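Okay, so here's the structure we're looking at.
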Amino acid sequence: PSILVLISGSGSNLQALIDNQGSDYKITHVISNKKAAYGLERAAKASISTTVHNIVPYKKKHLEDATAARPDFDRELAEKIKKLNPDLVVCAGWMHILSSECLRPLREAGIPLINLHPALPGAFDGAHAIDRAYDAFQKGEITKTGCMIHWVIEEVDRGEPLLIKEIEMKEGESLEDLENRIHSVEHVAIVEGTKLALAKKT
Ligand code: GRF
């Protein structure tokens, strides 16, 4: 089975997927919405083809109507993915909310998407989830956090979870140490979640 990975940054989760390729899955392409994403170098080193799909040209194209840029970006992203026709799309450190303009065509084409989110279901949806969990722990509001792999739907980080990994938080632990612990768990979850999604899909 083939997977296409969407990234925006360092790509440490992409690296975990690269390192665990085998009979369960092969990565056939990587798309980044940022041309400076280090993950693009990781893909190139692994001889995986890449595309940069950045919002700037769409903003220039729609100078007269800025609200048209994102739907256009999303529509064309779906077209690019459909042409590559992977069995599964994996959002791994992908920091762009995908609207129906992207999700509907992919749904119709039978191409599912999963996403890695560094929090427990419904706890800290959206960006900066780890920072927000850390603050909540300092305030005594939570005692654990974690990460999950979920099916991507229009509601951000609200799709049905495929895999949930809990992490106990520690008194006096620095944000950086918590981040490192969560990222280590993510690197396992992203591979496990991808295999689960492929097994469920077929
Ligand atoms: C990870 O915490 C991921 O869940 C979040 O971005 C962080 C970096 O991911 N979306 P990566 O190193 O780019 O894979």
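Here the structure is a predicted model, which means the values were calculated and not measured. Numbering of ligands and ligand atoms starts at 1, following listing order.
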Give me the nearest non-hydrogen protein atom to [atom] as residue plus atom name, then the distance to 0.1 Å.
{"atom": "atom 7 (C) of ligand 1", "answer": "His183 CE1, 4.0 Å"}
{"atom": "atom 4 (O) of ligand 1", "answer": "Glu186 OE2, 2.6 Å"}
{"atom": "atom 13 (O) of ligand 1", "answer": "Gly11 N, 2.9 Å"}
{"atom": "atom 5 (C) of ligand 1", "answer": "Gly93 CA, 3.9 Å"}
{"atom": "atom 9 (O) of ligand 1", "answer": "Asn13 ND2, 3.4 Å"}

Asn33 vs His96, side chain to side chain donor-acceptor pair (under 3.5 Å): CA-CA, chis, key distance, verdict: CA-CA 8 Å; Asn33 66 331; His96 171 99; 4.7 Å; no
I'd like to know if [X] pairs up with [Y] as an ion pair, taking the criterion as any Lys NZ or Arg NE/NH1/NH2 lying under 4.0 Å from an Asp or Glu carboxylate oxygen.
{"X": "Arg181", "Y": "Glu173", "value": "yes"}
{"X": "Glu166", "Y": "Lys144", "value": "yes"}
{"X": "Lys165", "Y": "Glu192", "value": "yes"}

Proximal ligand 1 atoms for Met95, defined as those under 4.0 Å from one of its heavy atoms: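 Within the 4.0 Å cut-off of Met95, ligand 1 contributes 10 (N).
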Ligand-side contact atoms (ligand 1) for residue partner Leu116, heavy atom cut-off under 4.0 Å: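 It comes down to these atoms of ligand 1: 4 (O).
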Side chain, backbone, both or neither: His117 near ligand 1, heavy atoms under 4.0 Å: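 His117 to ligand 1: no contact under 4.0 Å from either part.
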Steps toward side chain to side chain donor-acceptor pair (under 3.5 Å) verdict (Asn180, Glu176): CA-CA 6 Å; Asn180 289 336; Glu176 189 185 359; 4.5 Å; no
Same cluster (ILVMFWY, side-chain, under 4.5 Å), Ile190 and Ile3: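 Yes; Ile3 is reachable from Ile190 via cluster members.
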Whether Gln15 lies under 4.0 Å from ligand 1, heavy atom: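 Not so, Gln15 does not reach ligand 1.
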Minimum heavy-atom distance between Ala92 and Asn13, given as atom pair plus value: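 Where Ala92 meets Asn13 most closely, the heavy atoms are CB-CB, 3.9 Å.
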Test of proximity, Trp94 against ligand 1: N or O pairs below 3.5 Å: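 Trp94 vs ligand 1: no N/O contact under 3.5 Å.
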